[in-house]
Amino acid sequence: MSGLYIHIPFCKQACSYCDFYFVTRQENKEAFVEKLIREIESRQGTQYADEVVQTVYLGGGTPSLLSAQQIERILIAIHETFRTELKELTLELNPDDATHDYLRELKSIGINRLSMGVQTFDASLLKFMNRAHTRDEALQSLEMLSKTGFDVFSVDLIYGNPGQTLKALEQDIQTLLDFKPPHISAYSLTIEPKTRLGKQYELGRLIPAEEEEVAQHFDLVGDLLLKEGIHQYEVSNFSKPGLEALHNSSYWSHQNYLGFGPGAHSFWRNNKTGKAERWSNEKNLISYLNNSWKKQNELEELGQQELFEERIMLGLRTIKGISRSELEINYGIALNRKQEEYIIQKEKEGLFEIEKDEIKPTKRGLRISDALILDLITLTEK
């Protein structure tokens, strides 16, 4: 399977926590769409166009700031350039952009999954995050989804906010569950250095939530969603059975993907040679409009050891975990003695489950997956 990621960089305003590439000026949207189409078309006849594309994800930024007609032109370019057998075509949508007409238009051009950035229903937290939408707009947009035929959608929530109580988080979750979401992405607030929150933290004006508080939030999210039949399948992702996000799952299993638009990343592994490369487009819209996409920025060649470690890192963030045989077949490397001993020890502690060939994190293991992964991949026999 191969996927395409399309980065739409436009936003109405800067969310306080966001460190993705975006611009708040809107006048270049049409010029951007034309240049994006040219970048997509530039892959025609290349090795990248040989593989069947099964997922497309339009992210950002705020893709819903584009008209349905502009999005349709992008999709036409994709279908004309690549061999497409699309199982999932996702578009990120902000609640304040949702209208009945816009949602119907998106559905009519082939969008079959929406990812809505609600983050919270709490008015004070929305202000803290500097979100462009209100609580009422979030509620109204979720109501619209069912009325316009979008049965498959995802909603983003952010927990672990400074001062956010367990009761407040529970209210957010219960409010969301009223709309019967098939998929939820729930992220712990991360304070990134160059964001508004990062600057406030540096100045001593912001005190992050304690680790134990965040852990309690993590547990509450998982427990409440599980009661509604929404299962955790990755550290930050939950879904009803069979409705897991295909596009994101392809990242975690090292499938090939191409990124288009300023700041978009790509990963490509040649199945014949086993060699892999990762590259990105420059994070600059003006440069992008001046054809900077014609050169691969920050090209990185990945060796088998790097791929092996990365696969462990990605796999152990999911309930599927990793397979010893898959690691050996795909990367030609086996877990060493110290790593095997570590896994057995963590199984005794209730952090891993070992089922024949497979090593899977438990719910407790997922909570501290980053620490477990770091310990595991740094164990060597030297």
Side-chain angles (χ1 to χ4, degrees), residues 15-18 90 92-96 98 113-147 150-191 197 208-245 248 317-319 361-369:
C15 297
S16 60
Y17 54 83
C18 182
T90 303
E92 289 183 352
L93 174 81
N94 272 4
D96 45 306
R113 184 176 182 273
L114 291 175
S115 178
M116 187 174 289
V118 170
Q119 318 307 3
T120 180
F121 296 97
D122 185 299
S124 62
L125 281 179
L126 286 171
K127 185 176 181 180
F128 166 75
M129 295 177 188
N130 199 39
R131 294 291 291 167
H133 70 271
T134 65
R135 170 188 169 87
D136 286 344
E137 285 173 326
L139 295 172
Q140 290 165 8
S141 61
L142 286 167
E143 186 68 32
M144 286 181 207
L145 290 180
S146 59
K147 292 182 178 178
F150 275 101
D151 299 322
V152 181
F153 63 93
S154 179
V155 178
D156 288 357
L157 286 180
I158 295 179
Y159 61 87
N161 296 286
Q164 185 180 23
T165 64
L166 284 170
K167 183 177 179 181
L169 176 58
E170 183 172 359
Q171 288 176 338
D172 264 355
I173 296 168
Q174 295 296 357
T175 300
L176 177 55
L177 288 174
D178 288 342
F179 297 94
K180 297 179 171 49
H183 189 284
I184 294 172
S185 294
Y187 303 99
S188 170
L189 179 71
T190 304
I191 298 175
L197 292 186
E210 297 287 342
E211 283 188 22
E212 185 55 37
E213 288 181 276
V214 176
Q216 290 173 356
H217 284 202
F218 176 90
D219 289 340
L220 180 66
V221 171
D223 291 344
L224 291 178
L225 296 185
L226 186 58
K227 287 179 182 178
E228 298 299 318
I230 301 173
H231 300 260
Q232 185 174 28
Y233 67 97
E234 194 264 349
V235 170
S236 302
N237 287 277
F238 307 76
S239 80
K240 292 182 178 177
L243 292 175
E244 297 83 2
N248 288 345
R317 288 178 57 88
T318 73
I319 61 165
T362 63
K363 182 181 177 181
R364 284 181 54 223
L366 277 178
R367 187 209 273 189
I368 59 168
S369 60

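The shown structure was predicted, so the numbers you read here are calculated from the model rather than taken from an experiment.
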> Do Leu139 and Arg135 come within less than 4.5 Å of each other through their side chains, counting heavy atoms only?
yes
> Decide yes or no for Ile173 and Tyr159: does some side-chain heavy atom of the first lie under 4.5 Å from some side-chain heavy atom of the second?
no
> Output the distance between atom OG1 (Thr318) and atom CD (Gln232), rounded to the nearest 0.5 Å.
10.5 Å
> Has the side chain of Ser369 got a donor or acceptor atom that lies under 3.5 Å from a matching backbone atom of Gly365?
no
> Hey, does Phe128 have a side-chain heavy atom less than 4.5 Å from the side chain of Leu189?
yes
> If you round to the nearest 0.5 Å, how far is CG of Leu114 from CG of Leu145?
6.0 Å
> Under a 4.5 Å cut-off applied to non-hydrogen side-chain atoms, are Glu170 and Leu224 in contact?
yes
> List for me each residue that meets ring pair (Phe, Tyr, Trp, His ring centres under 6.0 Å) alongside His183, sequence neighbours excluded, and say none if there are none.
Tyr233
> List the residues meeting side chain to side chain donor-acceptor pair (under 3.5 Å) with Gln164, not counting sequence neighbours, and say none if there are none.
Asn161
> Return yes when atom CD of Glu210 has more than 12 non-hydrogen atoms of other residues, nucleotides or ligands closer than 6.0 Å, and no otherwise.
no
> Report yes if some heavy atom in the side chain of Asp156 is under 4.5 Å from a heavy atom in the side chain of Ser115; otherwise report no.
yes
> Enter the distance from Glu137:CD to Leu126:CG here, rounded to the nearest 0.5 Å.
9.5 Å
> Residues in side chain to side chain donor-acceptor pair (under 3.5 Å) with Ser185, at least two apart?
Asn237
> Go through the steps for Phe218 and Val235 under the test side-chain contact (heavy atoms from CB on, under 4.5 Å), then give the verdict.
CA-CA 9 Å; Phe218 176 90; Val235 170; 4.3 Å; yes
> I'd like to check the side chain to side chain donor-acceptor pair (under 3.5 Å) partners of Thr90; sequence neighbours left out, ordered by chain and number.
Arg113
> Taking the side chain as everything from C-beta on, heavy atoms only, tell me whether Cys15 gets closer than 4.5 Å to Met129.
no
> Can you see which heavy atom on Val214 is nearest to which on Ser188, and at what distance?
CG1-OG, 3.3 Å
> Determine the minimum heavy-atom distance between Pro361 and Leu366, stating which atoms define it.
CG-CD2, 3.7 Å
> Which heavy atom of His133 sits nearest to which heavy atom of Ala138, and what is that distance?
CD2-CB, 4.0 Å
> Taking all non-hydrogen atoms of both residues, which atom of Phe238 and which atom of Gly222 are closest, and how far apart?
CE2-CA, 3.9 Å
> Quick one: do Val221 and Leu157 satisfy side-chain contact (heavy atoms from CB on, under 4.5 Å)? Show the steps, please.
CA-CA 10 Å; Val221 171; Leu157 286 180; over 6 Å; no
> Which atom pair, heavy atoms only, marks the closest approach of Pro241 to Gly229?
CD-O, 3.6 Å
> Working to the nearest 0.5 angstrom, can you tell me the gap between Lys147 NZ and Leu142 CG?
12.0 Å
> Using a 3.5 Å cut-off and no angle test, enumerate the donor-acceptor pairs between side-chain atoms of residues 116-125 and protein atoms at least two apart in sequence or in another chain.
from: Gln119; atom 1: NE2; to: Tyr17; atom 2: OH; distance (Å): 3.4
from: Thr120; atom 1: OG1; to: Asp122; atom 2: N; distance (Å): 3.0
from: Thr120; atom 1: OG1; to: Asp172; atom 2: OD1; distance (Å): 3.4
from: Thr120; atom 1: OG1; to: Asp172; atom 2: OD2; distance (Å): 2.7
from: Asp122; atom 1: OD1; to: Ser124; atom 2: N; distance (Å): 2.9
from: Asp122; atom 1: OD1; to: Ser124; atom 2: OG; distance (Å): 2.4
from: Asp122; atom 1: OD1; to: Leu125; atom 2: N; distance (Å): 3.1

> What distance separates His217 NE2 from Glu212 CD, expressed to the nearest 0.5 Å?
10.5 Å
> Show the nearest heavy-atom pair for residues Pro181 and Leu177, with the distance to one decimal.
CD-CA, 4.0 Å
> Would you say that Pro208 contacts Leu197 through its side chain, given a criterion of any heavy-atom pair below 4.5 Å between the two side chains?
no
> Name all pairs fulfilling the salt bridge (charged side-chain N to carboxylate O under 4.0 Å, His left out) condition that reach into residues 215-231, sequence neighbours left out, sorted by first residue then second.
Asp219-Arg367, Asp223-Lys363
> Quick one: are Asn94 and Arg131 in side-chain contact, heavy atoms under 4.5 Å?
yes
> Rounded to the nearest 0.5 Å, what separates atom CD1 in Ile319 from atom OG1 in Thr362?
12.0 Å
